[in-house]
Structures are given as structure tokens and as C-alpha cells.
Amino acid sequence: MPGSLKKFQQRVAFSKDPDWSSGTIGGVRWKALAIVGVMFTAACTPGEGPGSIPLPTSGDTTTTSTTSTTSTTSTTTTTTLVPPRLEVTIRRTTDGVPHIIGNNLESVAYGQGFVSAQDHGCTLIDQILKVYGVRSENLGPGDDGRNTESDFAWRAIDIASIATADYNDASSDVITQFEAFAEGWNAHLAEQGDDGLTGWCNGAPWIRPVQPVEVYVYARSIALLASSSRFAEFIPSAQPPVVAEVLGFAPTKPATNADDADDAAPDFSVLEPIDLGSNGWAVGKERTASGTGGLLVANPHFPWEGELRFAETHLTVPGEVDIYGAQLLGLPGIGIGFTDGVAWTHTVSAGKRLTAYLLTLDPESPTSYLVDGESRPMTSTDYTISILRADSSIDNETRTLWRSEYGPIVDFPGLGWTDSAVLTFRDANINNNEFIEQYRDMIDVQSLDELQAVYEEHQGVPLFNTVATGSDGRVWYADTAATPNLSAEGEQLFLEKLFTDPITQIGYDNGVILLDGADSRLAWETVPGARDDGLVPFSEMPMVERNDYVFNANDSFWVSSDEFTTTGDFSILHGEQNTPLSMRSRQNAAVLGSDNRLGLAGDDGNFSGLELRDAVFDNRAQTALLLRSNAVDRCVANPLIEVVEVLANNETIALPAEIVDISAACDVLSVWDGRYDLASSGPLLWREVMTRFTNADRTTTGVLFGDDFDPARPTVTPGVPAVPAAIGNGDPILQAIARAVQTLTKAGFAVNASLGAAQFTVRSGIRIPLHGGTDTDGVTNVVTWSNNNSSSEPSSARGDAVAPGSALRGEGAPVNFGSSFMLAVDYSGDRLQAWAITSYGQTGDRTSPLFEQQTNRFSEKNWRDVAFTAKQIAADPNLTERTLIVP
């Protein structure tokens, strides 16, 4: 057992030691009896009682305290005969941002763990229950057995066992980091008790201390967001045909005869989208107003609820580490951030993190499959899940789940598990222990060269592009995410099938590479230099370094600028080349392009830090820039549009057949500036218009655009409005405007209603209006709704759509996803400057003012100056301070 964990267990008495391997931790209530030698100070306002809170003392310890008169701060100086093992000071500044300074990295990790428990303690322990497959034992089966299904899925994915084995071989730096983080998390729990933990789980019987390896396992599960996590719901019911019938897990489309088996095919359209996005901008010295340094904007689009929120953090070891940024809840370190010399952000890569294999089963046995005509047996494991029932009793359920050489067998809709075929998959990140090592080493990088060297050494990025800049004014874009490596022959076989097989095409359109498991030529190829066997090596990944600018908005690597394209012999699994861009990517290009066509770079066409920061909330929609004026001309000429009725799913009339007067809508759109701002009239109408069209309509020649996509001009084509095949009622744009008018009217909004009247989020029972748009609109600042949330925390819900194809609900346009941790960094002046907003705040405590404070800040476009230097932190008017000492 690692030394620091032994010491912690000597100081804290547990009522029961959890045993994950046997799954017997249900109903554990934990109380800390004592923590010896940990000393705390709390903030107190000058003039409100004593200048310090008395601390425990001993014969070899003396304590002195001083209180600042310029801020809400209490500091403690402790002198001991023996230097403490850990000493960390947590300073909180405006919006509750923690600045954690320690005498070594172990102390800083301890402080970050303490803060994590303080701000979002429920999230980490809930996610540990998830990835270890013990939610049912602790929380019950969940609605429709959700927890039970999740438990079986995560047991079968087996990241807990894989990561535990890797943890035992991890570097000493990583082990120290996770031991200290867990120790700090547990120290806060010991101080508060399980009925004092901030958040929704307060007092829950399953709250208990965490083990360092559990935090590590959860961290490793994050790497599976674009791979195993997407297939998890289809794993638990995967049973051989005869067994499935007996157990009641019949495949989605059972095969009763040979003809049925031949017709079965996986329906990839049921896959939930990855639903994570971002904008990343890096501007180099050739495009900065001063001609020096670089600028960065981080704008990840992530959920505002659940485990995928960010926590803003500043970590410092004087003379060694000084890094500011954000990390996903419950994890140590920094994921997106900056140091004195380099800043970086991530966007979700368009590449593929897994390949699915359609197995041809051995006619002699449905649990064996053929590869090059040779039969290979599957393996099976019995998993037993304990389930807490409503009467507090616990019963068990056992399922036998199966694996191929590639990975878990899945009961995929449209195919299931027939006598002749079944689906399986291989995950590029299941063995990605380098992920943790890389982000540990990124904590003290001081230049773009150092950042790139860490990337090349570890190759641990799981699913992200990187956009970075340095104080020397260079910029870097790279897609180094883990990517399966097909041989040249294997890729050619896949491409041939992609253009001839509809099922392969549907899979590809939904982010899945479907391969023939019976053909060994489609196995992953191992080549020198790759992080793990079967992956693309760093030297073959797309990347570019320049001095002007780069961006990414989740489209393929091939366009990272308005000025050039990146083409070459890259795997199609990294993403397609010479393909149309999303409207959001095109708006990114319009913001940053050297022609300054939106005017956001000022009169000189080069960005200052403030100009680039403010461009984040410019909120103009690419679709409106391209199509609005033409649409207005057409609707002015044809103000009366006849529409047919639209039926809802229950066959009731959602929108009636009638003649719609769209003249008022035309008037609104004619004066709208194309911005999705709070006071804008026009966004609600325009979004309803755009939702009536497909992504293909918005990116290729057809009903919206008359010109072709040109790979030589990808950021501006197609861009010429199409001439409608018929005028008036036959015009698809006018039909869409008429539907928009009907929908707004039905929802209770006037056609000239402002965006702020309808688009909102609720924080602490307060409805906060929000600016911003969606990918469909082509706005860079994304706010929308997502169901991407695996947390057990109760979350908000939204009403039904007003009509099929509508973005509106009866309450308006609720938001729980989008621009999350927003950061702008400026190296171009005589000193580093940075600004930030975390849209959902720094705490999970819904009773705290901090819970809605930054949401209001976001609504007001009110960036906060980042307090990075000691002087800036000391000058913060909301400063509080606390020191933790562990002998």
C-alpha cells in the first residue's frame, strides 16, 4: 500500500473498508472519528469577531495569526519543530475561483482534492460508483433499471480492472498526485461528515472516503467518452440467441430463419451523438496588434449539468509550477489552461476512436466467429450485481456477458445477436494509461516546444484536437487523438465498402467505422512509434505550426484556417479531406480570416487580446449572413403562404393547414443584424426556419444554396442562395418561414419576440436569459440542450417540442449545454493578461450565490479578469484564504 495512504488510514477511522472487487459496499455509512495534525483557518471579515480561529496545538507547535485589513482574508503562520509533510494555502477570489499554492506538487494535489470535495463532492463519488459498476447496490436499480444496466455495461467494459493494473505500474509522480488528491478529498469529508458534503448527495448513506486508485480509474473512464461509452447501453442485453430467449433479452431483431438473418443489419442511426464540441482559436504574432506574442481563446461546448462540467483552478508551486485553467470535476491537474509561456485548449476531434466489427458467426456455434474461415471462440464472464430495493433489502442478478478478441459483444438495434451475425468493437483508448501521464507532465510546460515534446513523448490525448500558442507568437494546431491504424489495404477495403454498402455509410454518418470481422486484412496494423499496438503514430498525425492563426470547431483537421488547407496521406479515421464545413466552422473562419470581413480585428485587421476576447460573444450567425437578405426579398414578394397540416407523433394536429401571413416576420428579419443577442428580434424566427432544413441542405448544393462546394474555397462555399424551383407556396424558404410563424404563435411568442424572452437557463429557481446560438444557426457561441449526462444528480427537464422539427418548447428554448469554461489569454502586451467565465459557476451548492453568479456574468457578457500573479490575487476584493497543514 502506498505510504501516504497508510498514513492517512492511521489518522482516520472508518466504519467499514470498501471492497470493490466483491461489490459489497452498499449501505456503508462512514464517519471520521479523528484527523490528527491537520490544521485549518477560515475566512472572517475584519471587525466581525476574533482575528483568527483557534487551532489545535501541541508541545512542539506554536501558532500565530494575522488578518488582512484590505480583503476578507485570514492567514495563519505555523511553526513546528518538524517541517510538515504537506502545506497548502487555498485562496479564493471573485466567483469562488481557487488559487492553490503549496510547497510541492503533492501539497497542491492535496489542496485540489480538498477543493474538489468542497465544490462538487457528490460528482466524484457518484462517478466512481458508475465505473466500478456498483450504482445499483448503493442507489437502487434506477428508473427502468437504468443503474443496473449501467453496472453490467461498465463491468463488461472493464476499465476498472484495466486501469487498476496500470495504476500499479504508473510513474511515482502520478501515484503521488492521485494519493494526495484523494487524501485532500477525504480530509474535507472528514471535516464535514457525510451529512455536510456540498450538493445533492448530502447525507446519502453511500458517501465514504475515496481511494487514490478509484480516482485514477474514473480519470481513465473519461478517455472512453467517444468510444466504449457510446456503446455501453447495448452491452448488457447481448446474449446468444437461445439464451436470450430464455432470459428475456431477445435481440432487437431476432432471426427466426436464414432469410431473417440475412436481412438483419445494425441501425447506427439510434446512436446518440457524441454531443461535445468546442471552438479553439490561436492567433500568432503576424496577426496580433503589437506584432508580438500570441493570443488564445478556449471555448469548450460541454454540459452545464453532470460530471462533464469544468472547475476553474490555479495551481502553484513557487519557482516550479504556475498554471491556470480548468479541469473536469473530480480530477487532479489542468486540462485546458496556460502558464507564463504557453496556452492551449481542446476541441473534440472529428476522427474515430473505435472500429465496430460485424462478426460472421460459426454455423456450429453462435458463440464462435469466423476470421479468414477459421473459427475463433468468444470468451464469457459471469457478472453479479447487487441491487438495493425500496424496502432496503438487497438481491443479486447475474448475467453472462461475452467478448470477442476485439472487445465486448453488443446487442445492437436492427441486428441483435442472430444465429449468423453479431456486432463487437475495439476501443483505441481502453489501454490509454499515457493519457494520465501526459497531463501530469503538462502541468509545468513553459513553451510551445515543451508542450509539443510532451505530446510526442506520451501520445496520450484521447479524443481531442489541440489549439495552442506561446509567448513567442507561434501557433499550433494538431489532431493527436488516439486513432485506429488500418493498413493501406485495409483502408482501401473499407473505402470500397463505404461507397457501395448503405449500412457502412449509415455507420460512418453516425461516427462509426464498420468493418468486416471475418477479414483479417481489416485488423488494426501495428507500426513503430505508436503509443500502443494498432494505433496511428505521432509522426503520421495531422498538425501545423504557423505565425498567423489556427482554429478548430470540430470539423476535420483539413481546414484549420481561412488561409490554407492541410492535406496529405492521412488515415480516413482521422477525418475526411475536401469535405464541406459546418456553418459554425465557417463562422470561426469569418471571425479570424485575414480579410477581417466581420471587422472584429479592428481597423488594422490585427487582434488585440480584448478584440479577440470580445469576438467570442459577437453572436453573428453564418446562416443569416448568407441567406437572410435573400429570404427577406422572397418573402416580401410573397407574403401569403399556404401550408398543409403537420401531425404530431400521436397523430394529433401539431400545426394546422392554413394560409399564413408572413409579412410581419419579413419585417422582423429585414431589420435584424444577424446576431443572437438578448435584445435581438429575429433569432427565434430564424432558428425555426433553419431547423426545417438538414445539415446536408446547409452544406451542399440544393434547396438553400445554388453553387457547389469548392475544396479550394472551403470556408466560403457553398454560399450563393439557391433560386427556388417554384415561387410562393413552392418556395422551401417561405414554407419554413410560415412554419416558424405558426410555431412561435403556438408557443405564445410574438414574431418579434426577443431572444432573451425565450432562451434561458434556470439557476436556483431563477430564469436567466441567455444569448448565443447553435450549430444549426452557425453561431460560434453555442447554447443549446443536451442529454449527455450520466450523473445520478437530479437534473432539469424540458417540455415537449411545440411541433415536429421545432427548436421551441412551451417554456421557450431552455439551455443546459454549450459555452462552458471560456478563457482568453494574451501574451502580446508587456504583461500576460487573461479573462475567464465559467458559465455554470464554481460550485454544486444550489443555495450559494456562486451557483448563479457566473451564469449572470455570462448573460451580461461580463468577462472576469483572471487573477494570476500574487499581486492580482492579493488585490481581489473578494479574497479569502485558508491554509491546510498535514504533519
Side-chain angles (χ1 to χ4, degrees), residues 156-158 162 227-228 231 234-235 238-244 251 253-266 268 352 354-382 400-412 414-428 430-431 483-498 500-501 503-504 507-508 512-528 530 532-536 571-573:
I157 291 169
D158 203 30
I162 294 168
S227 46
S228 291
F231 277 71
F234 308 115
I235 296 173
Q239 297 293 319
V242 175
V243 176
K253 183 176 181 179
T256 57
N257 56 53
D259 290 338
D260 287 341
D262 290 340
D263 291 340
F268 292 108
K352 306 302 186 286
L354 64 78
T355 59
Y357 286 92
L358 187 60
L359 300 181
T360 298
L361 299 181
D362 187 334
E364 300 298 319
S365 170
T367 58
S368 296
Y369 55 98
L370 301 177
V371 179
D372 297 338
E374 175 189 338
S375 182
R376 298 184 183 181
M378 299 177 189
T379 58
S380 64
T381 303
D382 293 338
T400 302
L401 298 177
W402 297 80
R403 299 180 68 86
S404 70
E405 62 193 88
Y406 306 107
I409 301 296
V410 292
D411 174 19
F412 212 79
L415 173 66
W417 191 337
T418 75
D419 290 323
S420 60
V422 76
L423 202 69
T424 186
F425 67 91
R426 184 176 178 185
D427 189 331
I430 195 69
N431 295 310
T483 304
N485 187 44
L486 295 179
S487 67
E489 182 182 23
E491 186 163 330
Q492 184 59 38
L493 290 170
F494 168 71
L495 289 174
E496 290 172 1
K497 197 163 186 180
L498 181 61
T500 58
D501 177 40
I503 302 304
T504 302
Y508 188 76
V512 177
I513 302 293
L514 177 62
L515 303 175
D516 183 357
D519 189 339
S520 65
R521 294 174 297 176
L522 293 163
W524 297 2
E525 183 178 45
T526 298
V527 296
D532 285 321
D533 288 349
L535 300 185
V536 175
S571 169
I572 193 173
L573 274 68

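Nothing fancy with the numbering, it's 1 onward along the sequence. Hydrogens, waters and symmetry mates play no part in the numbers below; they use all other heavy atoms, side chains included. Bear in mind that the values here come from a model prediction, so they are computed numbers and not experimental data.
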Q) Step by step, would you call Thr504 with Phe494 a side chain to side chain contact (heavy atoms under 4.5 Å, CB included)? A) CA-CA 9 Å; Thr504 302; Phe494 168 71; 3.7 Å; yes

**Q.** Rounded distance (nearest 0.5 Å) linking atom CG of Leu354 with atom OG of Ser227
**A.** 6.0 Å

Q: Classify the ring geometry between Tyr357 and Tyr406 as parallel (under 30°), tilted (30 to 60°) or perpendicular (over 60°).
A: parallel

**Q.** Rounded distance (nearest 0.5 Å) linking atom CG of Leu370 with atom OG of Ser420
**A.** 10.5 Å

Q: Determine whether Trp524 and Asp533 make a side-chain contact, defined as any pair of heavy atoms from C-beta on separated by less than 4.5 Å.
A: no

Q: Verify side chain to side chain contact (heavy atoms under 4.5 Å, CB included) between Leu515 and Leu486, making sure each step is shown before the conclusion.
A: CA-CA 11 Å; Leu515 303 175; Leu486 295 179; 4.0 Å; yes

Q. Pro484 and Lys352: which non-hydrogen atoms are nearest, and at how many Å?
A. CD-O, 3.1 Å

Q.
If I compare all heavy atoms of Ala238 with all of Trp402, which pair ends up nearest, and what's the gap?
A. O-CD1, 4.2 Å

**Q.** Reported CD1-to-NZ distance for the pair Ile513 and Lys497, which is rounded to 0.5 angstrom
**A.** 13.0 Å

Q: To the nearest 0.5 Å, tell me how far Asp158 CG sits from Thr381 OG1.
A: 8.0 Å

Q: Before giving the answer on side chain to side chain contact (heavy atoms under 4.5 Å, CB included), spell out for Ile157 and Ile430 the whole-Å C-alpha distance, their side-chain angles and the decisive distance to 0.1 Å.
A: CA-CA 9 Å; Ile157 291 169; Ile430 195 69; 4.0 Å; yes

Q | For the student: nearest non-hydrogen atoms of Thr424 and Pro408, plus distance | A | OG1-O, 2.8 Å

**Q.** Residue list, side chain to side chain donor-acceptor pair (under 3.5 Å) with Thr367, at least two apart or on another chain
**A.** Ser365

Q: Please name the pair of heavy atoms, one in Ala518 and one in Thr360, separated by the smallest distance, quoted to 0.1 Å.
A: CB-OG1, 3.9 Å

(Q) With ring-ring contact (aromatic ring centres under 6.0 Å, His included) as the test, pick out the partner of Phe234 among Phe412, Trp417, Phe268. (A) Phe412

Q.
For the CG atom of Asn485 and the OG1 atom of Thr355, what is their distance to the nearest 0.5 Å?
A. 11.0 Å

Q. Quick check: does any side chain N or O of Glu489 sit under 3.5 Å from a backbone N or O of Arg521, one acting as donor and the other as acceptor?
A. no

**Q.** Validation row: Leu358, Leu415 side chains within 4.5 angstrom (heavy atoms)
**A.** yes

Q) With sequence neighbours excluded, what pairs up with Ser520 under the side chain to side chain donor-acceptor pair (under 3.5 Å) test? A) Asp372

Q: Please check if the side chain of Gln239 supplies one atom and the backbone of Asp411 the other of a donor-acceptor pair under 3.5 Å.
A: no

Q: Please tell me if the side chains of Leu361 and Met378 come closer than 4.5 Å, counting only heavy atoms from C-beta onward.
A: yes

Q | Inter-residue atom distance Leu359.CG - Thr418.OG1, 0.5 Å rounding | A | 10.5 Å

Q: For residues Val371 and Glu405, report the shortest heavy-atom separation together with the two atoms involved.
A: CG2-OE1, 4.1 Å

Q) What are the two closest heavy atoms between Leu522 and Gly490, and how far apart are they? A) CD2-O, 3.3 Å

Q. If we only count heavy atoms from C-beta on, is the Phe425 to Leu423 side-chain gap below 4.5 Å?
A. no

Q. Between Ser375 and Asp362, is any side-chain donor less than 3.5 angstrom from a side-chain acceptor?
A. yes

(Q) Which residue in the set Thr379, Val422, Ile235, Leu401 passes side chain to side chain contact (heavy atoms under 4.5 Å, CB included) when paired with Ile409? (A) Val422

**Q.** 4.5 Å side-chain heavy-atom contact, Pro266 and Ile503
**A.** yes

Q. Excluding sequence neighbours, so at least two apart, what forms ring pair (Phe, Tyr, Trp, His ring centres under 6.0 Å) with Tyr508?
A. none

Q) Would you say Asn431 and Ile162 make side-chain contact, with heavy atoms under 4.5 Å? A) yes

